[in-house]
There are 2 protein chains.
Amino acid sequence: MTSENPPPSDLAERALGGANLPLLRGHNAAVLLGLLRAAGEGGVSRLELAEGSGLTPQAVSKITARLREAGLATEAGRRASTGGKPRTVLRLVPGARYAIGLHLDRDESVAVLADLAGEPIAVRRAPLDLGADADEVLAAAAAQVAEVRAAAPGAQVIGAGVACPGPLDHRTGVLHRVTGLPQWDGYPLRAALAERLGLPVVLDKDTNAAAHGLAQQPDGAESFGYLHLGTGLGAGLVLGGAVHRGARTGAGEFGHQVVQLDGPRCGCGKRGCIEALCLAAVAAGEPAEAARVLGVGAANLVELLDVDRVLLGGRTVLADPQAYVRGVAASLDGQLRAHGSAGARTVPVALAPGGAHAVALGAAHLVLASLFASPRGALGSARA
Amino acid sequence: MTSENPPPSDLAERALGGANLPLLRGHNAAVLLGLLRAAGEGGVSRLELAEGSGLTPQAVSKITARLREAGLATEAGRRASTGGKPRTVLRLVPGARYAIGLHLDRDESVAVLADLAGEPIAVRRAPLDLGADADEVLAAAAAQVAEVRAAAPGAQVIGAGVACPGPLDHRTGVLHRVTGLPQWDGYPLRAALAERLGLPVVLDKDTNAAAHGLAQQPDGAESFGYLHLGTGLGAGLVLGGAVHRGARTGAGEFGHQVVQLDGPRCGCGKRGCIEALCLAAVAAGEPAEAARVLGVGAANLVELLDVDRVLLGGRTVLADPQAYVRGVAASLDGQLRAHGSAGARTVPVALAPGGAHAVALGAAHLVLASLFASPRGALGSARA
DNA sequence: TGCACTTTGGCAACAGCGTTGCTTAAGTGG
DNA sequence: CCACTTAAGCAACGCTGTTGCCAAAGTGCA
């Protein structure tokens, strides 16, 4: 009946301020939506939602009634009885809302339309020259977005997430100097795209978008480092279930961690950067050495931040995934084992799932996230 | 009059779950207490609290009335009039509650009694042999705690924060293998101390306690790395206003970050650890080289996490503070400037204030934190 | 088939939260 | 002295999740 969306405001993200009843209402709705999404197609019963959220069953009934009325959730079958009335299963309605994900890379762009469950409904990949004129790039991107929107006519799209390489300001949506593409320096990409698309836009680094998407996976870890080895080397950090962007949203500069004092000079001007060492090894046809170096850097990251796991991605890794996963795991294990006082600590290394449109899908997840409260850990470092 | 404490539950810490009215009440009380604490002796008016929290003035009036009834806040003078009725200033009552801070170091222990404002009321320092029998150590610690409690008879003490070196589990309160002191491996220090003191106890690493205390400083940054160079090298990370402890509460292993691939072997078994390089330089009487290495590690940390600043502490640093601050700053600046694409980015390096009982005071702050919600960035308006 | 029992989930009444509308308190300035 | 401004409290209100109770919908045994 009421066509108002549930308030997107997440209490966890603004817990610094006071909270009133509308905020509380939106928070609890987001919590239940998060649990519903985590349950996937299997669904959850009201009592399980109550147990998972800490709310009383009656409160869950009321809130889910609102969600059903808004079309976001629906009843879907029943559980087997355990001696009494069987539990009714509730499920997210994936088609109730959609989000756009847009990945602008140096040489190609990927647009995706994702439903509420985070599943890609339509994907369009196209070549792109990020070095071209801004208007040209924006027009191409907008056309691509229109194409994926056309795949689901009438879909209620709540916004677009945009992922780009290079440093940028997530809060203001302004690009900094993308390496090699000075014309984008200071360009207000978020505002420009929001106007052109007529949608709310969230801008983030490609590595952050990918990491965010990985964090939403049903079996995702609560904290991990996503290492992306492509034409460069970057990282996305997920700490406590949320992407860590840092004070100026510049966190994740993993490639220019120095792991060899006074080592070979890197393109960035420093010496002994892990990116320079890794890429030199790759260029020399020694992926084993690249993996070893990457593993040492991963060990530094794991020890500093105590994350649950390490995920690998990027074109260079995808060229020979098993070699990199095994090589990094061996190097990482060796470092952690040597530093043996922590005992039998082992941090799994895995290939980041999702393939070629993982970044675009993660960007769509950035938008969807405003509807959900993460069922995992709490302290969001994001600040409005 | 009512002796009930305000609910210590912090919405931000359990935002994973649903929220109900008592939780909301406690949260808003904690938010206002946080603002009151941030205001210090100067105090805040009700309208300023409303602006800072996003609550309505009337809500602030009701909540502060409860805080005053509980004895936690009081009226303290008036502001100058701006044409109408002058604002009444509210102030925290520092003596309403107290917390114990206990720093157990290898060779000495420091106990402190801190009031609600975080000011030390009593401090006792005593030699300690952390290698002695557990019961002996606990008895000595308990006696020391009793001494500082005696300094404020009748004080309502809400708990004790305990800071120790070496790896430990913050959540369970169990020590892991403290380097060189294997007898503490697996010892449930929190439970043992809680029983002996008859108080709730929070256990944390010394570096985390120090970092937490630094984060509560009125002029403290929202995110920073605290590097502690003493007999070893460790770090405390404050991200988004809160100490980052990691998945297994083992974060902050800064000393064994590898910054020299295949470098000299470290005591931990790895090669090229920053701790080994630093301490070797110190032993060789070359603090400048130690500072340079430390600056490179600090640059790695700053780029990876995008923190606001770097703070230095620990005995070795305190032996020649200016040299280290200047040396690290120069090295850090050089690294960041070389990696120049980020532009005129400068991260200040400073000596961590607080002196010799900073860790113990930070430990006391760990307990006090349960009463407050961090006021930083409190621009959020709860108005819909 | 019938009945006792268990479990689910909605209805209605309720206490408690912050909000709104209005009133009172306490100043300034012409 | 009086109009005006600003601060803060009182009372009524809408809304939240909670509690007590009851209908619905199964199982299992006689």
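Chain A is the first sequence line, chain B the second, and so forth, proteins listed ahead of strands; every chain is numbered from 1. Computed over heavy atoms, backbone and side chain alike; hydrogens, waters and symmetry mates excluded. What you see is a predicted model; the values in this text were computed from it and never measured.
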Task: Contacts of type side chain to side chain donor-acceptor pair (under 3.5 Å), residue B:R78, not counting sequence neighbours - done: none
Open item on the list: Expressed as a whole number of angstroms, how long is the span from B:R79:CZ to C:dA26:C1'?
Closed with: 17 Å
TODO: To the nearest Å, give me how far apart CG (B:L49) and P (C:dG18) are.
DONE: 14 Å
TODO: Report yes if at least one side-chain N or O of B:R46 is closer than 4.0 Å to OP1 or OP2 of D:dG9; otherwise report no.
DONE: yes
Open item on the list: Mind checking if A:T88 touches a base, just sugar-phosphate, or nothing, with heavy atoms under 4.0 Å?
Closed with: sugar-phosphate
TODO: State which residues pass side chain to side chain donor-acceptor pair (under 3.5 Å) with B:R245; sequence neighbours excluded, sorted by chain then number.
DONE: B:D204
Task: Per-nucleotide protein contact string for nucleotides 17-30 of chain D, where B marks a base within reach and S marks sugar-phosphate only (heavy atoms under 4.0 Å, - for neither) - done: BBB----BBBS---
TODO: Could I get the full list of side chain to side chain contact (heavy atoms under 4.5 Å, CB included) partners for A:I121, not counting sequence neighbours?
DONE: A:Y98, A:L113, A:D115
Open item on the list: Regarding A:R79 and A:E48, does a basic nitrogen lie under 4.0 Å from an acidic carboxylate oxygen?
Closed with: yes
Task: Those residues that, when tested against B:E119, pass side chain to side chain donor-acceptor pair (under 3.5 Å) (two or more places apart) - done: none
- [ ] Please list, chain by chain and in numerical order, all residues satisfying side chain to side chain donor-acceptor pair (under 3.5 Å) with A:E75, sequence neighbours excluded.
- [x] A:R46, A:R68
Task: Spacing of B:E48 atom CD relative to D:dA8 atom C1', expressed in whole Å - done: 14 Å
